[in-house]
Protein chains: 2
Amino acid sequence: MALTVSQVARLAKVSVRALHHYDEIGLLRPSERSEAGYRLYTQADLQRLQQVLFFRELGFPLEEIRRILGDPSFDLRSALLMQRQLLSERSARLDALLGAVDAALDALEKGTSMDQEKMFEAFGDFDPTKYEAEVKERWGDTEAYKESARRTARYTKQDWQRMKAELDRIQKELAELLGAGRAPTEAAAMDLAEAWRQHISQWFYPCSYVMHRGLAEMYVGDSRFTESIDRVRPGLARFTRDAIIANAERHGE
Amino acid sequence: MALTVSQVARLAKVSVRALHHYDEIGLLRPSERSEAGYRLYTQADLQRLQQVLFFRELGFPLEEIRRILGDPSFDLRSALLMQRQLLSERSARLDALLGAVDAALDALEKGTSMDQEKMFEAFGDFDPTKYEAEVKERWGDTEAYKESARRTARYTKQDWQRMKAELDRIQKELAELLGAGRAPTEAAAMDLAEAWRQHISQWFYPCSYVMHRGLAEMYVGDSRFTESIDRVRPGLARFTRDAIIANAERHGE
DNA sequence: TGTAGGGTCTCACGTCGCGTGAGGGTCAAG
DNA sequence: CTTGACCCTCACGCGACGTGAGACCCTACA
């Protein structure tokens, strides 16, 4: 019934070393051990391994996978729905890359030079992982998380592209305000912060001003977010944070 | 005209550190340096960076990318066509993963247990990178390489899936012969080796017996191939090599 | 001229997820 | 008992950067 490490490795197309490593870091511990000390994996172990591999495939660090799977509120159905959503997004990105290759081929045939922005636009990383998992962890608002997973599970590639375009536009306009020396407390900036909050509410889950404030702090407190936002324009993460705070205060919170 | 490192980093959505690293390893050297020692990247540099990122996206190690781009016979059009092909294959794999998630959701709704093989089948790695790049390098048969790129550029997902299924079947049957204690020099094994050679000729490029012998040596001499083939059944890589050699000799080469 | 802020350089330690090999024990079949 | 395949733990090393340190560069402004 229980499988040895090589059987599992062959079945799951991972290496024995990887399974050792997963045991080591507490990510996937075999439920049993033979008298000789051999690792023995059960069906439940295999199911957990499947989840590990899905998350790994989606780029989650192993430590984070361990935390997610170990969370008392972990819910397999929600996880699968989220994984489905993230894979769909990946698919959209692949299409964008294919489009970029075709554009490069086209330029080559015509002997023209590609627009610099277009050359690289498909390589950008819109990674809801950073969004979703952090939100879940930071806010422990399981209902919001589930609502988000429910909604996005049904999104098509076009939905994702539209949503991304919307967010890009908001960020771009904020960057323009920053570039023009405007203050984050001005109405224009606050309006964009409001648009961002509504964007989240529309596409993911109801986002209160309190929650939005929390997100704003995260944008400057977590270097992954800061870096991603500042790639649009340096200083944008802080500017955005300030605009969001000002907007929340404008609304009494 | 020329861009500084942060401008390029922002444009290409990579880190400054990555660009330093690429300079360091000779993968992407800026064409110019300011008097202060600042790296300055030209349009040609950007085009090379695009190629680097395409290959990187496809999982090529940086050292290999450097070698590919530095090859005197490097041809941008062929590279783009190959990249297109590999991205298409990636897309097929994504669809398989989505199917796996759906299957897991289905099992969950029905309260059933997923078949162990089905749980993990989408995680396997059919990686033509290992096939194509090595063939190009080892054989220097640029015409065959180009022929392969030309053909596969037009393949649909279904084509890729059919091709993979064919190869899987050949490997499975070889594994069965091995398991039954048959010899690689028996007709049955040689016939399968012949089927493998024809598979390559049909799907990639004309594969002579000489070339097939070379590939066979590669299956046992390169651990990546050995490991991949032996995952089907331990010892299969060597068995396959022997069958291919026997088959070639059967045909006078 | 000095300062501030944003940018750049080189150097170098550290991280993550394993790959690889060493040395030794286990299991089943002949 | 021997052989071959499998298993264990231990530990160094790799690839691709991330991060920080210390020092220099550039521009605008007082």
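In what follows, chains are A, B, ... by sequence order, proteins preceding strands, each numbered from 1.
Residues B/Ala103 and B/Met114 come closest through the heavy atom pair CB-CE, 3.7 Å. Across all their heavy atoms, A/Ala79 and A/Phe55 have their closest contact at CB-CZ, 4.2 Å. Taking all atoms of both residues into account, the shortest heavy-atom contact from B/Ser34 to B/Leu40 is N-CD1, 3.6 Å.
Here the side chain of A/Arg33 is nearest to one of D/dC8, C/dC9, D/dC17, namely D/dC8. Nearest to the side chain of A/Ser6, among C/dT10, C/dG19, D/dC7, sits D/dC7.
Not counting sequence neighbours, B/Asp115 has no partner by the side chain to side chain donor-acceptor pair (under 3.5 Å) test. For B/Asp23, the side-chain contact (heavy atoms from CB on, under 4.5 Å) partners at least two apart in sequence or on another chain are B/Arg29, B/Pro30, B/Arg33, B/Arg39. Listed by chain and number, the residues in a side chain to side chain donor-acceptor pair (under 3.5 Å) with A/Gln50 amount to none (sequence neighbours excluded).
One finds a side-chain N or O of A/Arg39 lying less than 4.0 angstrom from the OP1 or OP2 phosphate oxygen of D/dC8. Look at B/His20 and you'll find a side-chain N or O under 4.0 angstrom from OP1 or OP2 of C/dC9. Between B/Ser15 and the phosphate of D/dC17, there is no side-chain N or O to OP1/OP2 separation shorter than 4.0 Å.
Rounded to whole Å, atom C1' of C/dC18 lies 14 Å from atom CG of A/Leu53. To the nearest angstrom, C1' of C/dC18 lies 15 Å from CG of A/Leu28. In this structure, CG of A/Leu40 is placed 10 Å from P of D/dC7, rounded to the nearest angstrom. Between the CG atom of A/Leu19 and the C1' atom of D/dC8 there is a distance of 14 Å, rounded to whole Å. Going from atom OH of A/Tyr41 over to atom C1' of D/dC8 covers 12 Å, rounded to whole Å. Between the CG atom of B/Leu27 and the P atom of D/dG15 there is a distance of 14 Å, given to the nearest Å. Between the P atom of D/dG15 and the CD atom of B/Glu24 lies a distance of 13 Å, rounded to the nearest Å.
Of the charged side-chain nitrogens involved, none lies within less than 4.0 Å of a carboxylate oxygen, so that A/Arg56 and A/Glu64 do not count as a salt-bridged pair.
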Just the atom pairs and distances: protein N or O near nucleotides 27-29 of chain D's N or O, under 3.5 Å.
none

Each nucleotide N or O in nucleotides 13-17 of chain C that has a protein N or O under 3.5 Å away: list the pair and distance.
from   : atom 1 : to      : atom 2 : distance (Å)
C/dG17 : OP1    : A/Leu62 : N      : 2.8

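Under the side chain to side chain contact (heavy atoms under 4.5 Å, CB included) test applied with B/Arg48, the options B/Leu69, B/Leu76, B/Thr42 reduce to a single match, B/Leu69. Across A/Ile65, A/Val14, A/Leu28, A/Leu58, a single residue satisfies side chain to side chain contact (heavy atoms under 4.5 Å, CB included) together with A/Leu53, and that is A/Val14.
With hydrogens and angles left out, the side-chain atoms of B/Gln83 and B/Gln51 include a donor and acceptor closer than 3.5 Å.
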- Task: List the protein contact pattern of nucleotides 25-30 of chain C with one symbol per nucleotide (5' to 3'): B for base contact, S for sugar-phosphate-only contact, - for none; contact means a heavy-atom distance under 4.0 Å.
- Result: BBS---
- Item | Worked check of salt bridge (charged side-chain N to carboxylate O under 4.0 Å, His left out) between B/Glu57 and A/Arg93 | CA-CA 11 Å; B/Glu57 181 70 30; A/Arg93 185 157 182 275; 2.9 Å; yes
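Between B/Val8 and B/Asp45 there is no side-chain heavy-atom pair separated by less than 4.5 Å.
When heavy atoms are screened at a 4.0 angstrom cut-off, B/Val16 is found touching no nucleic acid atom at all.
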